[in-house]
Number of protein chains: 2
Amino acid sequence: MGIIERKEREKERRKDEIVEAARRVFFEKGLVTATMDEIAEAAELSKATLYLHFPSKEDLYLAVAMGGLRALHGKFQEIIEHEPSIVRALHRMKEAYMEFFRTQRQYVQMFSFLQMSQFHKQVSDHMRSTCDSENDKHWEAIIGLLRRGVEQKIIRDDIDPTEMAIVLWTNASSLMLRADNEHDMWKRRRNIDLRKTMETSFRMTIDAILTPAARLEYQALLHAEHAAVHQS
Amino acid sequence: MGIIERKEREKERRKDEIVEAARRVFFEKGLVTATMDEIAEAAELSKATLYLHFPSKEDLYLAVAMGGLRALHGKFQEIIEHEPSIVRALHRMKEAYMEFFRTQRQYVQMFSFLQMSQFHKQVSDHMRSTCDSENDKHWEAIIGLLRRGVEQKIIRDDIDPTEMAIVLWTNASSLMLRADNEHDMWKRRRNIDLRKTMETSFRMTIDAILTPAARLEYQALLHAEHAAVHQS
DNA sequence: CTACCTAATGACTTCTAGTCAGACAATGGA
DNA sequence: TCCATTGTCTGACTAGAAGTCATTAGGTAG
C-alpha cells in the first residue's frame, strides 16, 4: 500500500534532520557542553522527540561521527577504485585525509571519541554494532589496498597488511589529534609545525614498507609534486 | 615557629590522600561513572572537603593522571641517566613503557584524556599549567636523549629530534589505547595481536632513524634478547 | 463518524557537580 | 583557665541537564 514505506522514509528523513541539527550543535560546543535541549531547539523539535529516535545523547553523537566516517570512507573508496597505481593511491588518500580534517576540524575530536571507551556510558548495543560494521568496512578497504600492494610487489612481502593498516591509520589519527590541540603550543615553544610532522611520519612509514622499485616511484611522485608547488 | 610548615605538610598529605582515594575510584569506574560522593566516601571525607582541595572533578582526575605521568617519567629518567648506550636506552624505555601500562592499564585512558580538550570543561588554570610543566619535563627528557643520539651519530642527522620524539610518543600512546580497547576484537576477527603490532611499529621507526652502525647494534640487541627469551 | 495508531510534547523525575552558612578544633595571647 | 582567631570540615542546599511518561494531536482505515 506504499503508505508504510512512505512513513519509513519520513522517519529516516526525520532522523537525518536530527543528526544534522546535532552535528551543528556538537560542532559548535562539543559533546560535553552541548545539551539535548539545545539540539532539540536546533532541530525545531522537543527534547522528548529526540529520544524517540535516539536512546541517548551519546548515541546521537556517535551517529554524527559515523556520518563523518562514511564521508571520509567514501573519498577513500573513490580513490581505491579509480587509482590504478597503489603508490599514488596511498599518496592521494593521505592528501584526502589531510583535506578532510582541514576543512572539518571538529571530526578530529569526534573520531577520537570512538576510542575513549570510558566515556561510552549510555551507548546502545544497536549503535555499537552500527559503529562496528561501519568501522569494519573502513578497515577492509585499507587492508585490501595494502594486500594488493603486497601481491603486486609494491609493498614488501614481510609486511602484514592488516598490521600496517592499523599502524598507518592509528598514527595519522593520533598526530592529527595532537595537531588539533597543540599546534600553536609546539609552534610557539619549539618551532615545530605538527602538520609537517604528520607528513614526515607518513612518508617515513611508507618508505619503510615499499619495495625498492616502488620507493623510487614514490620519491619521484613527491619530487614532482614538490616542484609543482614551488612553481605555482 | 614550625607550626605553619607542619600545617603545610599536613595539607599536602591530605591532598595526596584524596588523590590516592580518587585514583582507586577512577581506576575502578572511569571519569564519567565515578562520582564525587564515591570519592569522598573512599577518602573518608565529605564531598565539600574535596572541593576545598580541588576546584573540580576534572582537576582531581588530572591530578591522578599527573601522578601516573610522573611515575613513568621517573622510570624514563632513571634509564636515561644510567644507560650509557642510547640504543639500549631507547629499547629499555620501550620495555618500561610496555610494562608500566601492562601493570596499570587504567592510565592508558587517563593519558588519552589529556588530549581530549573538548572534555576539559572545568579544568582550572592552575591545573592546566601544572600539567603543562609536567608534560614539558617529559618531552625535554625524550628530546634530549634523541638530540644526544644525533650528536653521537647514533641517530641520522637528517632527523629532527623534537619531531621524532613527538612521533615516537604519539604513535606508542595511540596504539596502546587501541590495544586497550580493541585487543580482543582484533585477535578474534583478524588474528592480530596488537601488542606485537606495537613492537613492530616501534622497531620500524627506530630502524628508520638509526645510522647504519647503530642499526646493527640494535638488531644484535633484539637478537640477543630473542635468544634469551627462547632459552628460558 | 469512530476507532486506532503513530509521532510529538510539556511537565516531570533523577542524578550529580558544585556551593555555602555554620560547626568544630587547634593555636596563641591575656 | 578562658576567650578570640584562624583554618578545616561538613550537612544541607541549589542548579542544571539527561532521560521518562501520561497525554495530545493528526492522519488512516473501516
Side-chain angles (χ1 to χ4, degrees), chain A residues 1-19 21-22 25-26 28-64 118-127, chain B residues 1-18 21-22 25-26 28-64 113 118-127:
Chain A
M1 39 177 66
I3 287 169
I4 293 167
E5 283 95 24
R6 200 198 68 206
K7 293 234 166 181
E8 281 297 304
R9 275 202 314 279
E10 277 177 3
K11 191 162 181 173
E12 274 310 303
R13 220 192 42 199
R14 177 48 50 95
K15 249 184 128 153
D16 291 345
E17 284 168 12
I18 293 174
V19 171
V25 177
F26 283 137
E28 197 190 330
K29 306 217 168 185
L31 172 63
V32 181
T33 314
T35 70
M36 287 301 264
D37 285 298
E38 285 169 328
I39 294 167
E41 198 178 349
E44 295 177 294
L45 289 166
S46 77
K47 184 169 59 159
T49 305
L50 302 188
Y51 281 96
L52 286 182
H53 296 272
F54 296 92
S56 76
K57 184 182 173 183
E58 282 165 32
D59 267 61
L60 187 44
Y61 189 76
L62 287 177
V64 174
Q118 71 154 317
F119 291 106
H120 302 187
K121 198 182 164 189
Q122 299 290 358
V123 180
S124 67
D125 289 348
H126 176 257
M127 180 52 82
Chain B
M1 39 176 68
I3 286 169
I4 294 167
E5 283 93 20
R6 199 197 69 206
K7 294 234 165 180
E8 282 297 304
R9 276 202 314 278
E10 278 177 0
K11 191 162 182 173
E12 274 310 304
R13 222 192 40 199
R14 177 48 50 95
K15 251 184 126 154
D16 291 345
E17 285 167 13
I18 293 175
V25 177
F26 283 137
E28 198 191 328
K29 306 217 169 183
L31 172 63
V32 181
T33 314
T35 70
M36 288 300 265
D37 285 297
E38 285 170 328
I39 295 167
E41 198 179 348
E44 296 177 295
L45 289 167
S46 77
K47 184 168 59 159
T49 305
L50 302 187
Y51 282 96
L52 286 182
H53 296 272
F54 297 92
S56 74
K57 184 182 174 182
E58 283 164 33
D59 267 61
L60 187 44
Y61 189 76
L62 287 177
V64 174
F113 176 75
Q118 71 154 320
F119 292 106
H120 301 188
K121 199 182 164 190
Q122 299 290 359
V123 179
S124 67
D125 290 349
H126 176 257
M127 181 52 81

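Every chain is numbered from 1 and lettered A, B, ... according to where its sequence line falls, protein lines coming before strand lines. This one's a predicted model, so the numbers in the text were calculated from it and none came from an experiment.
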- Query: In Å and rounded to the nearest 0.5 Å, what is the CG to OG distance from Leu50(B) to Ser56(B)?
  - Reply: 11.5 Å
- Message: Within the 4.0 Å heavy-atom criterion, would you say Ala40(A) contacts the bases, only the backbone, or no part of the nucleic acid?
- Response: nothing
- Query: Taking atom P of dG7(D) as reference, at what distance in whole Å does atom CG of Leu52(B) sit?
  - Reply: 13 Å
- Among the nucleotides dG10(C), dC9(D), dA17(C), whichever has the atom closest to the side chain of Ala48(A) is dG10(C)
- Message: Distance check needed: dT6(C) P versus Leu45(A) CG, whole Å only.
- Response: 19 Å
- Establish, with yes or no, whether the OP1 or OP2 oxygen of dT9(C) is under 4.0 angstrom from a side-chain nitrogen or oxygen of Ser46(A). yes
- Approximate separation, where rounding is to 0.5 Å, of Tyr51(A) OH and Met36(A) CE: 4.0 Å
- Query: Please give, in whole Å, the distance from dA17(D) P to Phe26(A) CZ?
  - Reply: 14 Å
- Task: Round to a whole Å and report the spacing from OH of Tyr51(B) to P of dT10(D).
- Result: 15 Å
- Item | Atom-to-atom span, NZ of Lys15(B) to C1' of dG7(D) - whole angstrom | 16 Å
- Task: Let me know the distance between CG of Asp37(B) and C1' of dT14(D), rounded to the nearest Å.
- Result: 14 Å
- Message: Pair Arg14(B), Glu10(B) - check salt bridge (charged side-chain N to carboxylate O under 4.0 Å, His left out), show working.
- Response: CA-CA 6 Å; Arg14(B) 177 48 50 95; Glu10(B) 278 177 0; over 6 Å; no
- Item | Value in whole Å for how far the P atom of dA7(C) lies from CZ of Arg13(A) | 14 Å
- Item | CE-CG distance between Met127(A) and Leu60(A), expressed to the nearest 0.5 angstrom | 8.0 Å
- If only side-chain N and O atoms of His53(B) are considered, is one of them under 4.0 Å from the OP1 or OP2 phosphate oxygen of dT8(D)? no
- Nearest to the side chain of Lys57(A) - dA8(C), dA18(D), dC9(D)? dA18(D)
- Query: From dG18(C), dA18(D), dA8(C), pick the nucleotide closest to the side chain of Met36(A)?
  - Reply: dA18(D)
- Given dA17(C), dA8(C), dG19(D), which nucleotide is nearest the side-chain atoms of Ser56(A)? dG19(D)
- When you match Lys11(B) and Lys47(B) each to their closest nucleotide on DNA chain D, which lands nearer the 5' end? Lys11(B)
- Can you tell me the distance, in whole Å, between the CG atom of Leu60(B) and the C1' atom of dT16(C)? 15 Å
- Task: Nearest-nucleotide wise, let me know which of Leu50(B) and Thr35(A) is further upstream toward the 5' end of DNA chain D.
- Result: Leu50(B)
- Plane angle bin for Phe26(A) and Tyr61(A) - parallel if under 30°, tilted between 30 and 60°, otherwise perpendicular: perpendicular
